[in-house]
Amino acid sequence: MPRRYWLFKSEPNAYSYDDLLRDGVAEWDGVRNFQARNTLRDDIQEGDGVLFYHSNEKPLSVIGTAIVVRSGYPDHTAWDPGSDHSDPKSTPDNPTWYMVDIKAEYRFPTPVPLEQLKTMPELAEMVLLQKGSRLSVQPVTELEWNAVVALGKQSG
DNA sequence: GCCAACGTTGGC
DNA sequence: GCCAACGTTGGC
């Protein structure tokens, strides 16, 4: 199967790209949206590429890439009563929520701001840029991936 | 801090 | 199964 591409949003005050660099591998837990869950469980494969997006805190930008090192498996924080994301309806025998593991791959010399993405005609269809899109795990086309990575590689 | 957009919940 | 109310997301 060809490599596929995704975009993960994270609020950097909750979990930043630097946190990912520090941790090496991160469990992408706590996703509690069914559409994003389906993507995590069914679609994301080891080796896929992830654009790491910082939301909610300026500068809003894609700050680097990550690589998926483990495909979807049950999110154990759902049945951890101490977790912020605990969900008593999800159990080890019948998990509701899924996660993947990712590893930092490439920190852009130049983070790519949301404002810049909006100016690029070839990115007009990007899920991130659709009005009202709140998906925290979303697909990215190969063309979109290549365009964003090219911008991030530029210096200055 | 505001609020539009969206997903979820729950009464009926 | 509808839909109003509510909570959350996330750009502005």
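Chain A is the first sequence line, chain B the second, and so forth, proteins listed ahead of strands; every chain is numbered from 1.
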**OP:** Under the side chain to side chain contact (heavy atoms under 4.5 Å, CB included) rule, collect the residues that match up with E142(A), sequence neighbours excluded.
**Re:** Y5(A), N146(A)
**OP:** Answer yes or no: is there a donor N or O on one side and an acceptor on the other, between the side chain of R37(A) and the main chain of T96(A), under 3.5 Å?
**Re:** yes
Original post:
Looking at W145(A) versus Y106(A), is the centre-to-centre ring distance below 6.0 Å?
Top reply: no
Original post:
Are W6(A) and F52(A) an aromatic pair by the rule of ring centers under 6.0 Å?
Top reply: no
Original post:
Within a strict 4.5 Å, meaning less than it, do heavy atoms of the P139(A) and T39(A) side chains meet?
Top reply: no
Original post:
Earliest and latest nucleotide of DNA chain B, 5' to 3', sitting under 4.0 Å from a non-hydrogen atom of chain A?
Top reply: dA5(B) to dT8(B)
Original post:
With a 4.0 Å cut-off on heavy atoms, is K118(A) in touch with a base, just the backbone sugar-phosphate, or nothing at all?
Top reply: sugar-phosphate
Subject >> Sugar-phosphate only, base, or nothing, as touched by E115(A) at under 4.0 Å among non-hydrogen atoms >> reply: sugar-phosphate
